[in-house]
Peer 1: 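If you scroll down you'll find the structure; I have some questions about it.
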Amino acid sequence: QVRLVESGGGLVQAGDSLRLSCAVSGRTFTVNTMGWFRQSPGKDREFVSAIIWRGGATYYADSVKGRFTISRYNANNTVYLQMNTLKPEDTAVYYCAATTLKYPSERYYYTSRPYEYWGQGTGVNVSS
């Protein structure tokens with residue numbers, strides 16, 4: 001079992017920055033990939049970013065590329081999402097997710113299906 005707890009959300013203005021954290025506990029040695037997803041009211045959950053836990057390869061949705069940075073600090077089992085130049089359309093509940101599964105192509109990690117564990121979410125509200 002892997003447990004995920006997000007933190008760092010809040011209310012900011014357009015152009016501001018926020019850093020989300022996801023604390024990973026439990027069977028952390030089984031984790032292969034960590035992801036961030038977000039969901040706005042009335043919309044489907046969408047992929048934001050992912051990182052291979054040991055290899056460090058990173059992936060981003062086109063909508064956040066160049067503004068968001070995903071990273072992980074293995075010493076304290078935490079994954080971060082640094083969000084810069086925030087826009088009102090970034091407003092959403094952000095979820096951290098983990099999967100122990102390995103896929104032959106990174107494109108699988110852009111969908112929610114491979115992820116077995118999810119956090120409770122942290123809200124980000126960007127005002128214009």
Side-chain angles (χ1 to χ4, degrees):
Q1 191 80 357
V2 175
R3 290 175 294 278
L4 308 174
V5 178
E6 303 99 330
S7 61
L11 173 63
V12 296
Q13 293 187 330
D16 286 350
S17 298
L18 270 179
R19 188 178 77 162
L20 305 183
S21 299
C22 175
V24 187
S25 62
R27 296 171 61 88
T28 58
F29 61 92
T30 66
V31 173
N32 179 64
T33 302
M34 297 291 302
W36 284 98
F37 289 76
R38 66 186 182 187
Q39 187 167 20
S40 305
K43 294 187 177 181
D44 292 335
R45 188 170 297 187
E46 65 172 351
F47 170 79
V48 175
S49 183
I51 186 166
I52 305 300
W53 188 252
R54 288 179 177 78
T58 58
Y59 311 100
Y60 297 94
D62 288 342
S63 59
V64 306
K65 203 171 291 184
R67 299 188 298 123
F68 291 11
T69 302
I70 190 172
S71 61
R72 87 266 191 254
Y73 188 47
N74 290 352
N76 63 1
N77 293 323
T78 301
V79 176
Y80 302 100
L81 185 68
Q82 178 67 42
M83 306 185 296
N84 297 330
T85 319
L86 283 161
K87 304 176 181 180
E89 50 264 43
D90 295 319
T91 295
V93 176
Y94 283 71
Y95 297 91
C96 177
T99 180
T100 62
L101 306 175
K102 294 182 182 180
Y103 288 85
S105 170
E106 68 271 12
R107 62 185 177 92
Y108 291 96
Y109 301 120
Y110 286 67
T111 67
S112 61
R113 188 171 180 178
Y115 296 90
E116 306 154 277
Y117 304 100
W118 293 82
Q120 81 289 348
T122 184
V124 173
N125 194 323
V126 185
S127 63
S128 58

Peer 1: So, do Tyr103 and Tyr109 have ring centers that fall under 6.0 Å from each other?
Peer 2: yes
Peer 1: When you compare the side chain of Asn77 with that of Val31, does any pair of heavy atoms fall below 4.5 Å?
Peer 2: no
Peer 1: Closest approach of Met34 and Val79, non-hydrogen atoms and distance?
Peer 2: CG-CG2, 3.6 Å
Peer 1: Could you tell me whether Gln13 atom CD has more than 12 heavy atoms of other residues or ligands within 6.0 Å of it?
Peer 2: no
Peer 1: Any side-chain heavy-atom pair from Ser49 and Phe68 closer than 4.5 angstrom?
Peer 2: no
Peer 1: So Asn74 and Trp53, side chain to side chain contact (heavy atoms under 4.5 Å, CB included) or not? Walk me through it.
Peer 2: CA-CA 8 Å; Asn74 290 352; Trp53 188 252; 3.7 Å; yes
Peer 1: Side chains of Tyr94 and Glu6: does their closest heavy-atom pair fall under 4.5 Å?
Peer 2: no
Peer 1: For residues Phe37 and Tyr115, establish whether the separation of their ring centroids is below 6.0 Å.
Peer 2: yes
Peer 1: Is Tyr117 close to Thr100 at the side-chain level, that is, under 4.5 Å between some pair of heavy atoms?
Peer 2: yes
Peer 1: If you count the non-hydrogen atoms of other residues, nucleotides and ligands that lie under 6.0 Å from CG in Asp44, is the total more than 12?
Peer 2: no
Peer 1: Looking at Tyr73, I'd like to know if its OH atom is crowded, meaning that more than 12 non-hydrogen atoms belonging to other residues, nucleotides or ligands lie closer than 6.0 Å.
Peer 2: no
Peer 1: Does the side chain of Thr33 reach to within under 4.5 Å of the side chain of Ile52, using non-hydrogen atoms?
Peer 2: yes
Peer 1: So, do Val48 and Tyr95 sit near enough that their side-chain heavy atoms are less than 4.5 Å apart?
Peer 2: no
Peer 1: Evaluate the criterion salt bridge (Lys or Arg N to Asp or Glu O under 4.0 Å) for residue pair Asp62 and Lys65; output intermediate values, then yes/no.
Peer 2: CA-CA 5 Å; Asp62 288 342; Lys65 203 171 291 184; 3.2 Å; yes
Peer 1: Please answer: with hydrophobic residues joined when any side-chain heavy atoms are less than 4.5 Å apart, are Trp118 and Phe47 in the same cluster?
Peer 2: yes
Peer 1: For a 4.5 angstrom cut-off between non-hydrogen side-chain atoms, does Ser63 reach Arg38?
Peer 2: yes
Peer 1: Taking a hydrophobic cluster as the set of Ile, Leu, Val, Met, Phe, Trp and Tyr residues connected by side-chain heavy atoms closer than 4.5 Å, whether directly or through intermediates, do Val12 and Leu20 fall within one such cluster?
Peer 2: yes
Peer 1: Less than 4.5 Å apart, any side-chain heavy atom of Val24 and any of Arg72?
Peer 2: no
